[in-house]
J.: 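Here it is, the structure in full.
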Amino acid sequence: MRIKDLHVLPKFGDGWSYLYVEHCRVDQDGRAIAIHDKTGQVPVPCANLALLMLGPGVSITHAAVSVLADHGCLVAWCGEQGVRFYALGLGETRGAANLLHQARLWADPVRRMEVVRRMYQLRFAENF
């Protein structure tokens, strides 16, 4: 974790705003969070953050998780460099309707092939 200038974080207009950290401590800092490592502390505004990815060696306080949840920020526990995915906290929607719909489409072979054909049509602008 070596971010010293938060202006390098992507903006929501540029896509999802995320931050990956490892080998640090995350705690509450007012209505935001602060990331502490051996080089010091970096404050992170939660309102601009959509996803916080916690890699190996991260400890996070209950207060920090609470602030992230209040701002609708997803928290994901993952492996080194974000390669493996272990767990996820609820995000802004606080529901699983989209995930359940996707699982239903995947579980039905006929509907799954309909989705595959539509995606190929969108991607390649051809009828299959």
Side-chain angles (χ1 to χ4, degrees):
M1 205 282 309
R2 292 185 173 36
I3 293 180
K4 295 298 175 196
D5 181 7
L6 293 179
H7 296 291
V8 299
L9 288 175
K11 296 180 179 154
F12 277 112
D14 298 333
W16 281 94
S17 178
Y18 67 94
L19 179 62
Y20 171 83
V21 295
E22 61 183 34
H23 306 292
C24 63
R25 187 179 86 244
V26 181
D27 61 10
Q28 179 183 8
D29 184 21
R31 294 297 300 154
I33 60 170
I35 304 197
H36 305 268
D37 68 359
K38 61 185 174 186
T39 63
Q41 171 184 327
V42 177
V44 177
C46 299
N48 297 334
L49 197 59
L51 171 65
L52 177 62
M53 298 173 67
L54 305 176
V58 174
S59 65
I60 186 166
T61 65
H62 180 271
V65 172
S66 180
V67 168
L68 290 163
D70 288 346
H71 286 91
C73 180
L74 255 103
V75 179
W77 285 261
C78 53
E80 189 172 15
Q81 298 298 316
V83 174
R84 302 232 188 276
F85 175 77
Y86 300 114
L88 176 72
L90 291 177
E92 182 66 13
T93 62
R94 307 226 191 326
N98 289 336
L99 177 62
L100 292 172
H101 178 67
Q102 182 178 352
R104 278 191 293 276
L105 293 174
W106 173 86
D108 181 345
V110 173
R111 294 181 80 188
R112 181 174 48 220
M113 286 310 296
E114 290 172 0
V115 170
V116 169
R117 284 187 182 95
R118 281 196 314 259
M119 290 180 73
Y120 270 89
Q121 286 172 347
L122 289 171
R123 174 71 173 99
F124 299 111
E126 296 180 19
N127 289 326
F128 293 94

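Just so it is clear, the structure is predicted and the values come from calculations on it, not from any experiment. Just so it is clear, the values below take in all heavy atoms, side chains as well, and ignore hydrogens, waters and symmetry mates.
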J.: Starting at CG of L122, measure out to CZ of R117 and round the result to the nearest 0.5 Å.
T.: 14.0 Å
J.: Can you measure from CD1 (I33) to OG (S66) and round to the nearest 0.5 angstrom?
T.: 12.5 Å
J.: Do the non-hydrogen side-chain atoms of I35 and Q41 ever get within less than 4.5 Å of each other?
T.: no
J.: Going by the rule salt bridge (charged side-chain N to carboxylate O under 4.0 Å, His left out), which residues pair with D108 if we only count those two or more places apart in sequence or in a different chain?
T.: none
J.: Is there a side-chain contact between L49 and L51 (heavy atoms, below 4.5 Å)?
T.: no
J.: Under 4.0 Å between a side-chain nitrogen and a carboxylate oxygen: does that hold for R25 and D37?
T.: no
J.: Under the 4.5 Å side-chain heavy-atom rule for ILVMFWY, direct or indirect, which residues accompany V115?
T.: L105, M119
J.: Which heavy-atom pair separates A32 from P45 by the least distance, and what is that distance?
T.: CB-CA, 4.1 Å
J.: At their closest point, which heavy atom of R112 faces which heavy atom of W106, and how far apart are they?
T.: NH1-O, 2.7 Å
J.: Can you find a heavy atom in the side chain of L68 that is under 4.5 Å from one in the side chain of L74?
T.: no
J.: Report all side-chain donor-acceptor pairs from residues 53-62 shorter than 3.5 Å, counting only partners two or more places apart or in another chain.
T.:
from: T61; atom 1: OG1; to: A64; atom 2: N; distance (Å): 3.1

J.: On a heavy-atom basis, which atom in A76 and which in F85 lie closest, and how many Å separate them?
T.: CB-CE1, 4.0 Å
J.: Return the minimal non-hydrogen interatomic distance between C24 and H36, and the atom names on each side.
T.: CB-O, 3.1 Å
J.: Please report the shortest heavy-atom distance between V67 and R31, naming the atom on each side.
T.: CG1-O, 3.6 Å
J.: Which atom names give the shortest non-hydrogen contact between C73 and L52, and what distance separates them?
T.: SG-N, 3.8 Å
